[in-house]
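See structure below.
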Amino acid sequence: MSIRVWLRRKVYQQITSETRLEARRAKAEKQRQRRGEPHRVMYFHRPGDPASALMSALTAALAERYDIAVELHLVGGPAADVAPDPERLVTYARQDTAALAQHFGLDFTDPGHAADPALEARALAIMTAATGTSDALQAARETDRALWSGDADAMEGAAARYGQASAANVKAACREGSALRDRLGHFQSGALYYAGEWYWTADRLHYLETRLRALGAAHADTDGFLAPPLLESQRAGDCQGAVLELYPSLRSPYTYLAMERAFALADRWNARVDLRFVLPMVMRSLPVPRRKGLYFLLDTKREATRLGLPFGDICDPVGRPTERGLAVLHHANAQGQGREFLTSFLRGVWADGLDAGSDGGLRRIAERAGIDWATVQTALGDESWRETAEANRQRLLDLGLWGVPSFHTGDLAVWGQDRLWRVEKALQSQAATPSTRTDPSA
């Protein structure tokens with residue numbers, strides 16, 4: 001392992017250190033108390049963003065459950081470098097938000113199309129006028145409901161109650177809010193920021209609630225979570241060989257969180273796995289700016305901790321290590337050893353600090369998956385994996401997805417390690433003899 005690789009490992013260990021996290025939290029709390037400030041939560045909102053439609057309501061409910069001061073900031077649409085496939089992103093965001101809303105019992109229905117531009121502009125004008133007032137969150141909820149239901153009369157009523165700002169003021173408010181968000185280290189709307197940490201979309205809100213409770217900020221009658229943690233169950237049944245397509249990337253930490261669980265899920269439901277690896281975005285000339293990569297890294301760490309998975313001794317496989325890994329994975333998959341090699345590789349680079357770019361690191365990854373070094377050398381001489389990766393990428397795009405890890409089974413195509421609960425529901429719907437028995441191996 002080179003000095004450069006070793007030093008990068010140490011940097012990643014520092015970034016993901018739980019000791020460092022707790023020290024930062026303790027320092028932030030001491031500073032807050034010394035200044036006599038409230039628990040200040042910043043909410044970054046954008047009308048037209050489906051995630052914001054849930055978060056405006058949840059943030060209002062959060063303010064009722066905890067002793068916090070909420071600041072609402074308006075932001076513009078995501079920059080091109082953080083939204084590489086905007087058309088698919090917009091469509092998928094509506095569908096995913098509708099699924100989350102149904103799961104959490106919240107109010108959002110996908111209208112099947114983007115929000116009306118004229119109503120969206122009106123909502124922005126109203127929200128700019130309301131920002132900084134005690135009515136900001138209520139105004140956000142009302143304008144969100146009017147926007148996504150296409151109710152022009154309701155939007156008119158909101159304008160009468162909260163007023164409207166000029167186009168110039170709207171532009172200035174969004175510019176200032178976006179600059180603040182970027183400076184604090186995030187890139188999207190529908191996100192909350194509290195004392196150095198980000199909580200993006202409804203399914204991360206429980207982390208903030210847990211933190212506020214630990215600080216004694218919860219009101220006396222607060223229990224449960226506004227949006228409980230999402231996790232697949234241990235139910236099992238027989239899908240009679242239904243196909244579950246898995247789309248992993250070797251450089252995705254979220255893929256690491258998902259794969260062992262996805263394979264176990266397929267086992268419990270007797271589904272056949274079709275492994276369809278793709279190249280990482282950054283190796284397909286799609287940018288991943290630093291603030292996005294850092295958020296993903298820290299978010300993966302807290303998700304890994306919740307899931308009981310090791311994470312943080314990282315040897316980033318970008319570039320040649322990933323290419324070597326994909327060559328071996330392609331060969332192993334054809335020999336029925338794809339599962340073993342994939343999970344060994346992911347754990348190796350994201351938790352064990354193994355350098356897949358070196359022969360020693362790749363050999364260890366392969367051999368613990370039951371693949372000898374001679375087989376690895378044969379695989380490394382075969383470039384056919386590139387055609388397979390490209391074909392898989394095209395298939396992924398045809399499904400309306402672009403990111404990893406993604407999953408497809410039956411009528412469901414879904415993205416994210418935190419959506420395996422939806423995959424479980426899709427498998428259950430395909431089961432001839434669904435069961436509620438618990439997997440004895442769990």
Side-chain angles (χ1 to χ4, degrees), residues 41-63 70-79 82-83 86-87 89-98 100-101 104 106-182 186-193 199-202 205:
V41 176
M42 297 182 186
Y43 169 50
F44 293 83
H45 181 76
R46 178 170 66 86
D49 168 27
S52 290
L54 293 191
M55 288 301 289
S56 61
L58 287 170
T59 303
L62 190 77
V70 176
E71 290 182 2
L72 187 148
H73 298 273
L74 291 176
V75 296
V82 298
E87 290 185 7
L89 176 61
V90 168
T91 300
Y92 182 79
R94 293 196 322 268
Q95 297 168 350
D96 185 61
T97 299
L100 281 178
F104 290 138
L106 300 172
D107 181 21
F108 181 85
T109 301
D110 176 16
H113 53 78
D116 178 79
L119 283 180
E120 185 174 333
R122 195 81 183 277
L124 269 170
I126 296 167
M127 285 307 307
T128 300
T131 297
T133 74
S134 59
D135 293 327
L137 287 174
Q138 181 60 30
R141 295 178 67 183
E142 289 186 30
T143 53
D144 283 340
R145 283 195 295 266
L147 179 61
W148 289 105
S149 64
D151 191 337
D153 290 339
M155 193 70 78
E156 185 68 29
R161 279 186 293 279
Y162 306 112
Q164 290 187 101
S166 68
N169 286 343
V170 169
K171 186 176 181 180
C174 290
R175 183 174 61 248
E176 291 170 6
S178 296
L180 176 61
R181 176 201 59 194
D182 293 353
H186 206 62
F187 52 95
Q188 274 284 10
S189 47
L192 294 167
Y193 177 85
Y199 308 89
W200 181 29
T201 72
L205 186 60

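Along the sequence shown, the residues carry numbers beginning at 1. Remember, it's a predicted structure, so these values are computed and weren't measured experimentally.
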What I'd like to find out is whether the side chain of [X] reaches to under 4.5 Å of the side chain of [Y], using heavy atoms alone.
X    : Y    : answer
Y193 : R181 : no
P78  : F187 : no
L72  : L137 : yes
Q138 : R161 : no
D144 : F108 : no
T128 : S166 : no
R122 : E156 : yes
M155 : T143 : yes

If you take all heavy atoms of [X] and [Y], which pair is closest and at what distance?
X    : Y    : value
P50  : A93  : CB-O, 3.7 Å
H186 : Q188 : CD2-N, 3.5 Å
A130 : T133 : O-OG1, 2.6 Å
A125 : V170 : CA-CG2, 3.6 Å
W200 : G190 : CD1-O, 3.6 Å
L147 : P47  : CD2-C, 4.0 Å

What is the distance from atom [atom1] of [X] to atom [atom2] of [Y], rounded to the nearest 0.5 Å?
X    : Y    : atom1 : atom2 : answer
M55  : T201 : CE    : OG1   : 7.0 Å
L74  : T131 : CG    : OG1   : 4.0 Å
L54  : D96  : CG    : CG    : 9.5 Å
E71  : L192 : CD    : CG    : 12.0 Å
D151 : D116 : CG    : CG    : 12.0 Å
H113 : W148 : NE2   : CH2   : 9.0 Å

### Message
Determine whether S189 and D49 satisfy the following criterion, side-chain hydrogen bond (donor to acceptor under 3.5 Å, both in side chains), listing intermediate values before the conclusion.
### Response
CA-CA 7 Å; S189 47; D49 168 27; 2.7 Å; yes

### Main-chain N/O of S56 paired with T59 side-chain donor or acceptor, under 3.5 Å
no

### Query
Short question: side chain of Y162, backbone of A136 - any donor-acceptor pair under 3.5 Å?
no

### Matching residue for V75 among S52, C174, S178 - test: side-chain contact (heavy atoms from CB on, under 4.5 Å)
S178

